[in-house]
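The sequence lines fix the lettering, A, B, ..., with proteins before strands; numbering per chain opens at 1.
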Amino acid sequence: MASGVKPRVKVPKSAEAGEVVTIKTLISHKMESGQRKDKDGNVIPRSIINRFTCDFNGQNVVDVELFSAISTNPYFEFEATIPEAGDMKFTWYDDDGSVYEESKSIKVG
Amino acid sequence: MEFTRRDTLAMGLGAAVLSMVPFRASAAVDAAVEAFTGGADMAATGIELTAPEIAENGNTVPIAVNAPGATAIMVLAAGNPTPGVVTFKFGPLAGSQSASTRIRLAGTQDVVAIAKMADGSFARAASTVKVTIGGCGG
Amino acid sequence: MKFKALTAAAALLIAMPVMSLAEPDDDHLVINGDLEIVTKTAAPAHMEETGIDTIMSGWHFRADETQQLEMDDFDNPGMIFVDQAIDSWNAVEGSAGKSCASCHDDPSSMEGVRAVYPKWNEAAGEVRTIAMQVNDCRTTRMGAEAWKYDGGDMASMEALISVQSRGMPVNVAIDGPVKAVWDQGKELYYTRTGQLDLSCASCHEQNYGNMIRADHLSQGQINGFPTYRLKNAKLNTVHARFKGCIRDTRAETYKPGSDEFVALELYVASRGNGLSVEGPSVRN
């Protein structure tokens with residue numbers, strides 16, 4: 001697992017049933033592009049987060065495929081419809097096989 | 001990500017060269033578009049791409065895409081060594097078919113966004129971002 | 001003499017194409033919709049002879065997209081490092097079996113600290129930066145190893161300490177026991193160095209608002225430190241930035257943590273007396 005990886009998500013604590021809410025996510029990650037060389041001229045191997053998903057009560061909100069052109073500390077902002085109370089689950093997939101997860105509950109009413 | 005002086009220089013040079021030659025879509029861009037659209041025509045409306053005209057640093061350029069009714073949006077950076085940037089697929093609970101992120105641009109170039117609509121059609125938007133890399137102040 | 005410094009800088013300035021009107025803008029910085037930041041105010045009395053009557057945060061000189069990153073803590077990537085520093089604040093380290101929290105409770109106990117540093121430490125008989133103080137606590141009180149002066153752990157801790165004072169006016173003392181160090185810092189600020197024969201003042205006092213190559217020159221204030229720079233996507237300390245600026249004049253630079261840089265930090269901080277503590281800020 002890449003060191004110092006820390007997810008942050010911003011999700012409202014509550015919503016009206018059917019409301020569209022804004023979600024922001026950020027994860028600390030170098031996103032090593034695989035195009036840089038170290039001091040000795042060796043290519044530094046690619047090591048990025050290649051996929052990010054957000055689901056609410058098991059239903060998908062977004063499924064994102066990332067390439068090396070996504071900046072260090074990947075940031076996403078998008079909107080989700082909240083049909084009922086429940087849990088929003090965020091998952092980041094690292095090139096090295098690590099999976100980082102975060103979950104937030106949203107109340108309705 | 002730390003850039004060495006050489007990286008910065010190379011990126012700066014890349015920018016200079018790119019701003020002199022007219023933009024030419026590379027084979028890799030064509031291949032990525034072909035894979036996403038299957039070669040279908042792309043409408044010039046139906047998708048919005050927001051990107052700064054001038055980015056202060058190519059390392060972190062904020063962009064936003066919005067294509068009401070899309071099932072997926074692919075973003076490409078035509079002038080990067082590899083053009084892939086990001087592909088958003090919108091699920092049943094997406095509140096809109098829009099998203100923002102921050103991307104790397106290795107110099108002045110066109111950013112391209114292509115939306116795949118629910119009816120199987122495609123729409124395309126592009127925006128030129130001029131990347132200025134400050135050479136001063138460490 | 002002022003004229004000579006100007007011509008060297010002018011040569012650099014002419015070398016780059018003018019891209020846009022380069023005046024600092026009139027935008028207004030409010031963080032999270034409710035935290036008002038003073039980014040422009042009257043210059044402190046000691047700056048009378050500089051010809052600058054309004055001091056301005058570096059935030060005004062950045063593009064709108066960069067400015068926006070600082071207006072919401074979630075959008076500000078520097079805040080990730082504040083989160084990381086909370087973990088190290090609570091982590092027990094060193095032979096005394098203590099964490100920062102053992103003695104300082106919550107990080108909120110650091111409210112007001114960032115606004116008055118660098119500051120005279122009576123017991124040690126020296127001017128201390130926050131980094132020096134943190135390393136003193138680590139080595140003498142925790143029995144832990146000092147952090148690298150301008151390394152990631154230190155920059156993150158500085159960000160956590162800075163956040164506790166955000167919005168408070170910078171107010172470093174410049175007389176009394178610190179006077180000699182302040183004078184030294186002032187002298188360094190005006191000393192021209194390197195092949196380009198430029199001082200800090202050549203760029204940040206005489207040419208702020210102008211474009212230098214593709215960069216919009218600010219007054220070189222440090223109220224926003226540590227700064228998250230888009231260029232290297234990490235937090236940058238004051239001394240790391242000084243080092244970069246001096247290197248750009250093709251001069252030999254001092255070391256982070258050196259007496260010279262501590263003096264320079266005190267002087268530059270005092271040129272921002274009255275601006276709000278803004279760190280961690282976002283710069284290009």
Side-chain angles (χ1 to χ4, degrees), chain A residues 12 15 18-27 29-41 43-44 46-84 86 88-89 106, chain B residues 1-8 10-11 14 28 32 35-36 50 55 57-66 68 70-107 109 111-112 129:
Chain A
E19 192 182 336
V20 172
V21 301
T22 299
I23 312 288
K24 295 182 181 186
T25 71
L26 189 71
I27 189 162
H29 196 284
K30 276 194 95 103
M31 297 293 282
E32 189 59 62
S33 67
Q35 280 144 17
R36 297 193 314 141
K37 290 187 177 149
D38 65 15
K39 286 193 205 82
D40 306 322
V43 173
I44 305 171
R46 182 183 117 152
S47 171
I48 69 168
I49 290 185
N50 57 52
R51 185 178 174 212
F52 162 72
T53 59
C54 170
D55 300 280
F56 186 73
N57 287 350
Q59 276 201 291
N60 184 251
V61 179
V62 282
D63 187 336
V64 186
E65 188 184 0
L66 291 74
F67 298 89
S68 52
I70 292 292
S71 303
T72 304
N73 306 327
Y75 171 91
F76 292 112
E77 183 178 333
F78 50 90
E79 293 183 316
T81 305
I82 306 301
E84 73 259 328
M88 188 160 275
K89 199 176 154 207
I106 301 180
Chain B
M1 168 157 185
E2 290 154 46
F3 278 91
T4 63
R5 192 160 286 269
R6 267 225 341 265
D7 288 332
T8 316
M11 287 176 69
F36 190 70
T50 311
N57 193 293
N59 238 346
T60 312
V61 181
I63 61 151
V65 289
N66 180 22
T71 56
I73 300 176
M74 175 177 74
V75 180
L76 299 174
N80 276 2
T82 55
V85 175
V86 66
T87 301
F88 297 100
K89 279 188 223 135
F90 300 100
L93 288 186
S96 63
Q97 285 69 43
S98 67
S100 329
T101 186
R102 299 169 185 162
I103 71 172
R104 293 172 174 150
L105 297 176
Q109 59 180 284
V111 176
V112 179
V129 180

Value rounded to 0.5 Å, distance of OG1 in B:Thr101 from CG in A:Leu66
7.0 Å

Give the minimum heavy-atom separation between B:Val86 and A:Ile70, together with the two atoms involved.
CB-CD1, 3.9 Å

What distance separates A:Ser71 OG from B:Leu105 CG, expressed to the nearest 0.5 Å?
8.0 Å

Donor-acceptor list for residues 71-82 of chain B side chains, cut-off 3.5 Å, not counting sequence neighbours:
{"residue": "B:Thr71", "atom": "OG1", "partner": "B:Lys116", "partner atom": "O", "Å": "3.2"}
{"residue": "B:Asn80", "atom": "OD1", "partner": "B:Ala106", "partner atom": "N", "Å": "2.9"}
{"residue": "B:Asn80", "atom": "OD1", "partner": "B:Gln109", "partner atom": "NE2", "Å": "2.8"}
{"residue": "B:Asn80", "atom": "ND2", "partner": "B:Arg104", "partner atom": "O", "Å": "3.0"}
{"residue": "B:Thr82", "atom": "OG1", "partner": "A:Gln35", "partner atom": "NE2", "Å": "3.3"}

Give, for atom CZ of B:Arg102 and atom CG of A:Leu26, the distance between the pair rounded to the nearest 0.5 Å.
6.5 Å

Could I get the full list of side-chain contact (heavy atoms from CB on, under 4.5 Å) partners for A:Glu77, not counting sequence neighbours?
A:Thr22, A:Lys24, A:Tyr75, B:Ser100

Does A:Val61 form a side chain to side chain contact (heavy atoms under 4.5 Å, CB included) with B:Phe90? I'd like the steps, not just the answer.
CA-CA 6 Å; A:Val61 179; B:Phe90 300 100; over 6 Å; no

Counting only heavy atoms closer than 4.5 Å, note whether A:Pro83 contacts chain B via side chain, backbone, both or neither.
side chain

If you tally heavy-atom pairs under 4.5 Å against chain A, which of B:Ser98, B:Ala94, B:Ala99 wins?
B:Ala94

If every non-hydrogen atom of B:Gly84 is compared with every non-hydrogen atom of A:Ala69, which pair is closest and at what distance?
O-CB, 3.6 Å

Just so I know, are the side chains of A:Phe78 and B:Phe88 near enough to count as touching, which here means a heavy-atom distance under 4.5 Å?
no

Counting C-beta onward and ignoring hydrogens, is there a side-chain heavy-atom pair between B:Gln97 and A:Val62 closer than 4.5 Å?
no

Enter the distance from A:Ile82:CD1 to B:Leu93:CG here, rounded to the nearest 0.5 Å.
7.5 Å

